[in-house]
Amino acid sequence: MKIIMLGAPGAGKGTQAIKIAEKYGIPHISTGDIFRANIKNGTELGKKAKEFMDKGALVPDELTCDLVVDRIHQDDCKNGFVLDGFPRTIPQAKALDTALDKDGESIDHAIDIEVPDQNIVKRMGGRRACLNCGATYHIISAPPKTEGICDNCGGKLTIREDDKPQTVQERLSVYHQKTQPLIDYYKKAGILDQVDGTQPLDQVFSMIEEVLD
Ligand code: ADP
Ligand code: AMP
């Protein structure tokens, strides 16, 4: 099963993608996590990506598309994958379609998690992330068992650089301008499903399961 997660920054794409990956036995591929790992490891890609990420801008398509196309051709993607944070622009969606089309394949589901902007701003203030394993928590709606410590790997939880209120506003505006048009793109392709992301985590997952099962 090949799945794309759509939705504003903070809509819950990563949270739900991890659950989908576990249930359906497919890899969770987050471009944001890949860039953050590169930043942590001080790679050239990380240095370039950081400039854009810190401002709340998108990393250019040239640095993003090939990376994803390579990743989905790895062995663990034979039975599918769940893409989180990619595509984020129409050219990225087209690059993905072209790459899959070459192998006679296509995306099965594009799941759009709908959350209004005013909820997003509140959510991002409470997000805590583990830079070690990529797990995400929320101080109120999804707290870790021990404050500040990742349940998964024991890593230290931090506030993401780009979760500061001003950067969140910029990311939302970039989302509306560049990423929201993908909703129509996948609606036209007949593979779009929209779920109400303002519901509690488990209810959002149940709605996604209904779509996928
Ligand atoms: P995205 O990957 O779309 O940027 P995340 O999955 O990181 O979003 O979620 C953003 C924040 O909102 C996190 O702190 C997460 O714990 C929290 N969150 C996710 N889904 C919900 C939900 N349905 N209700 C309340 N909080 C949520
Ligand atoms: P995320 O973890 O999905 O919230 O992504 C964090 C940041 O990484 C974004 O604000 C962008 O700067 C960058 N990023 C992640 N995925 C992409 C993508 N597909 N295209 C461009 N930039 C991306």
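For ligands, and for the atoms within them, numbers begin at 1 and follow the listed sequence. Remember, it's a predicted structure, so these values are computed and weren't measured experimentally.
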Exercise for the section: Kindly confirm or rule out an N or O of Asp84 lying under 3.5 angstrom from an N or O of ligand 1. Expected result: no
Problem - Sub-3.5 Å N/O-N/O distance, Met124 and ligand 1 - result: no
Handout entry: Charged tip of Lys55 within 45° of Phe52 ring normal and under 6.0 Å
Key = yes
Handout entry: Test of proximity, Gly14 against ligand 1: N or O pairs below 3.5 Å
Key = yes
Problem - Contact (N/O only, under 3.5 Å) between Thr15 and ligand 1 - result: yes
Problem - SB check Arg127 Asp163 (cutoff 4.0 Å) - result: yes
Practice task
Could you establish whether Lys13 and ligand 2 come within less than 4.0 Å of each other, counting only heavy atoms on the residue side?
Solution key: no
Handout entry: Proximal atoms of ligand 2 relative to Arg171 (non-hydrogen, under 4.0 Å)
Key = 4 (O), 10 (O)
Handout entry: Numbered atoms of ligand 2 (with element) below 4.0 Å of Gln92, judged on heavy atoms
Key = 18 (C), 19 (N), 20 (N), 21 (C)
Handout entry: Heavy-atom gap Ala8 to ligand 1 smaller than 4.0 Å
Key = yes
Exercise for the section: Check if Ala57 has a non-hydrogen atom at a distance under 4.0 Å from any atom of ligand 2. Expected result: yes
Problem - Identity and separation of the nearest protein heavy atom to atom 21 (C) of ligand 1 - result: Leu201 CD2, 3.1 Å
Exercise for the section: Please check if any side-chain donor atom of Asp33 sits under 3.5 Å from a side-chain acceptor atom of His28, or the reverse. Expected result: no
Exercise for the section: Pull out every atom of ligand 1 sitting under 4.0 Å from any heavy atom of Gly197, numbered as shown with elements. Expected result: 23 (N)
Exercise for the section: Would you mind listing which atoms of ligand 2 come within a distance below 4.0 Å of any non-hydrogen atom of Thr31? Expected result: 15 (C), 16 (N), 17 (C), 19 (N)
Exercise for the section: Look only at interatomic distance and state if Asp84 has a nitrogen or oxygen under 3.5 Å from any nitrogen or oxygen of ligand 2. Expected result: no
Fill in the blank from the handout: ligand 2 to Arg36, heavy atom cutoff 4.0 Å, flagged ligand atoms 2 (O), 6 (C)
Handout entry: Within-cut-off N or O pair, Gly126 and ligand 1, under 3.5 Å
Key = no
Practice task
Output the list of atoms in ligand 2 that are nearer than 4.0 Å to some heavy atom of Arg160, sorted by atom number.
Solution key: 1 (P), 2 (O), 4 (O), 6 (C)
Exercise for the section: Mark the output for Pro200 as yes if a heavy-atom distance to ligand 1 is under 4.0 Å, and as no if none is. Expected result: yes
Handout entry: Polar side chain donor-acceptor pair, Tyr186 to Asp193, under 3.5 angstrom
Key = no
Practice task
Examine the side chains of Thr198 and Asp196 and answer whether a donor and an acceptor come within less than 3.5 Å of each other.
Solution key: yes
Handout entry: Asp61 and Thr89 side chains, donor-acceptor separation under 3.5 Å
Key = yes
Handout entry: NZ/NE/NH1/NH2 to OD/OE distance under 4.0 Å, Glu161 and Lys164
Key = yes
Problem - Proximal ligand 2 atoms for Gly85, defined as those under 4.0 Å from one of its heavy atoms - result: 16 (N), 17 (C), 18 (C), 19 (N)
Handout entry: Distance filter under 4.0 Å to Phe86 heavy atoms, resulting ligand 2 atoms
Key = 19 (N)
Practice task
Look at Glu44 together with Lys47 and state whether they make a salt bridge at an N to O cut-off of under 4.0 Å.
Solution key: yes
Exercise for the section: Taking only heavy atoms of Tyr137 into account, list the atoms of ligand 1 that are under 4.0 Å away from them. Expected result: 13 (C), 14 (O), 16 (O)
Exercise for the section: Taking atom NZ of Lys94 as the centre, report whether more than 12 heavy atoms of other residues, nucleotides or ligands fall under 6.0 Å from it. Expected result: no
Exercise for the section: Output yes when the distance from some N or O of ligand 1 to some N or O of Ala11 is under 3.5 Å, and no in every other case. Expected result: yes
Problem - atom 26 (N) of ligand 1 - nearest protein heavy atom and its distance - result: Ser141 OG, 2.9 Å
